[in-house]
Amino acid sequence: MSGRVGIYGYSYGGMQSMAAITRTPNRFDAAAPMAGIYSERQTFEHQDRLGRIFTIDGHGGLPEERPEIYDKTETIARIGNITAPVLIQHGDRDVRAPFLNFELAVAAFEEHGIEYEAHTYPEGHGFRNPENRIALYRRMEEFFRRELGSCR
């Protein structure tokens, strides 16, 4: 299994890892996006104040003001391009990267027949409970070991 490539990230890294596997699907053999935003347009109204500020600043305006820019960042619309297995994890109380992002991604995986595992935790954005944080990273480690093989 040598030479296999995985990608993962949490929060902004979750957004970017999901974006990478939808835009360059043949470069990755497994992915583990966590707590990412996959549809800025559909989840904007569910974000906390700081999340909305980040979204508006990053897109140069509101979704209705800059629809062409929001179209470019709409990762959920590209889910069907994914070819690698995915482990997606999210806190079900997350309002920075609203939990709706997780639900939309899982529905899209189902719709397109994407191989995936999904796990949720009773947490917000940035896990506070050490047991949940350990479980999140252990699950990811097991997933990558299974999908990519050992580093040894």
Side-chain angles (χ1 to χ4, degrees), residues 5-63 66-130 132-144 146-148:
V5 177
I7 187 170
Y8 75 95
Y10 190 96
S11 189
Y12 185 73
M15 292 173 62
Q16 295 309 303
S17 59
M18 184 75 85
I21 63 171
T22 64
R23 288 168 172 81
T24 57
N26 296 325
R27 295 187 183 220
F28 301 98
D29 299 298
M34 300 170 283
I37 297 175
Y38 315 122
S39 175
E40 306 257 25
R41 176 181 288 129
Q42 293 182 65
T43 64
F44 179 80
E45 293 299 322
H46 301 279
Q47 288 181 311
D48 64 6
R49 182 176 177 276
L50 188 56
R52 285 193 298 272
I53 290 169
F54 290 155
T55 298
I56 292 167
D57 187 53
H59 289 79
L62 295 165
R66 305 288 310 266
E68 71 287 354
I69 302 301
Y70 282 80
D71 286 346
K72 289 180 181 180
T73 65
E74 191 70 2
T75 297
I76 204 77
R78 296 174 180 86
I79 292 278
N81 296 339
I82 295 173
T83 58
V86 177
L87 167 62
I88 184 171
Q89 300 185 87
H90 214 107
D92 64 10
R93 299 177 189 156
D94 195 336
V95 292
R96 176 68 41 83
F99 186 66
L100 179 56
N101 286 283
F102 173 88
E103 295 173 316
L104 291 168
V106 167
F109 294 152
E110 289 287 331
E111 177 185 340
H112 294 287
I114 306 296
E115 181 184 344
Y116 77 97
E117 292 177 42
H119 297 280
T120 62
Y121 302 84
E123 293 272 7
H125 197 72
F127 289 10
R128 303 295 181 251
N129 182 329
N132 289 335
R133 191 174 290 207
I134 290 167
L136 174 104
Y137 285 104
R138 280 193 176 148
R139 187 167 273 124
M140 184 178 66
E141 180 183 21
E142 291 167 13
F143 171 76
F144 281 132
R146 185 177 63 249
E147 296 299 334
L148 303 177

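Just so it is clear, the model here is predicted, and its values are computed rather than measured.
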Does D29 reach the main-chain N or O of V5 with its side chain, forming a donor-acceptor pair under 3.5 Å?
yes
What are the two closest non-hydrogen atoms of H119 and F102, and how far apart are they?
O-CE1, 3.9 Å
If every non-hydrogen atom of A35 is compared with every non-hydrogen atom of Y10, which pair is closest and at what distance?
CB-CZ, 3.5 Å
Partner residues of H46 under the side chain to side chain contact (heavy atoms under 4.5 Å, CB included) criterion, sequence neighbours left out
P98, L100
Rounded to the nearest 0.5 angstrom, the CD-CD1 distance for Q16 and I7 is 8.5 Å
Partners passing ring-ring contact (aromatic ring centres under 6.0 Å, His included) against F144 (at least two apart in sequence or in another chain):
none
For the atom pair OH (Y121) and CE (M34), what is the distance rounded to the nearest 0.5 Å?
9.0 Å
Return the set of residues passing side chain to side chain contact (heavy atoms under 4.5 Å, CB included) with E115 (not counting sequence neighbours), or none when no residue passes.
P85, E147
Can you list every pair that meets side-chain hydrogen bond (donor to acceptor under 3.5 Å, both in side chains) and has a residue in residues 31-44, with sequence neighbours left out?
S39-Q42, S39-E74, E40-T55, R41-D71, Q42-E74, T43-N101
Listed partners of Y8 passing ring-ring contact (aromatic ring centres under 6.0 Å, His included), at least two apart:
none
Could you tell me whether a side-chain N or O of E123 sits under 3.5 Å from a main-chain N or O of R128, the two making a donor and an acceptor?
yes
Pair listing, side-chain hydrogen bond (donor to acceptor under 3.5 Å, both in side chains) test, anchored in residues 17-26, at least two apart:
R23-T75
Tell me, please, which residues at least two apart from P122 pass side chain to side chain contact (heavy atoms under 4.5 Å, CB included).
D92, R93, N132
How far apart are the closest heavy atoms of E117 and F143, and which atoms are they?
OE2-CD1, 3.6 Å
Going by the salt bridge (charged side-chain N to carboxylate O under 4.0 Å, His left out) test, which pairs reach into residues 51-63, not counting sequence neighbours?
none
Quick check: do L87 and M140 have side-chain heavy atoms less than 4.5 Å from each other?
yes
How would you list all residue pairs meeting salt bridge (charged side-chain N to carboxylate O under 4.0 Å, His left out) that involve residues 95-108, not counting sequence neighbours?
D48-R96
Under the salt bridge (Lys or Arg N to Asp or Glu O under 4.0 Å) rule, collect the residues that match up with R66, sequence neighbours excluded.
E68
For the rings on H125 and F99, is their centre-to-centre separation under 6.0 Å?
no
Residue set satisfying ring-ring contact (aromatic ring centres under 6.0 Å, His included) with Y116, at least two apart, ordered chain then number -> F109
Counterpart residues, side chain to side chain contact (heavy atoms under 4.5 Å, CB included), relative to I56 (two or more places apart):
F44, L62
Contact check, side chains of M18 and I79, non-hydrogen atoms, under 4.5 Å
yes
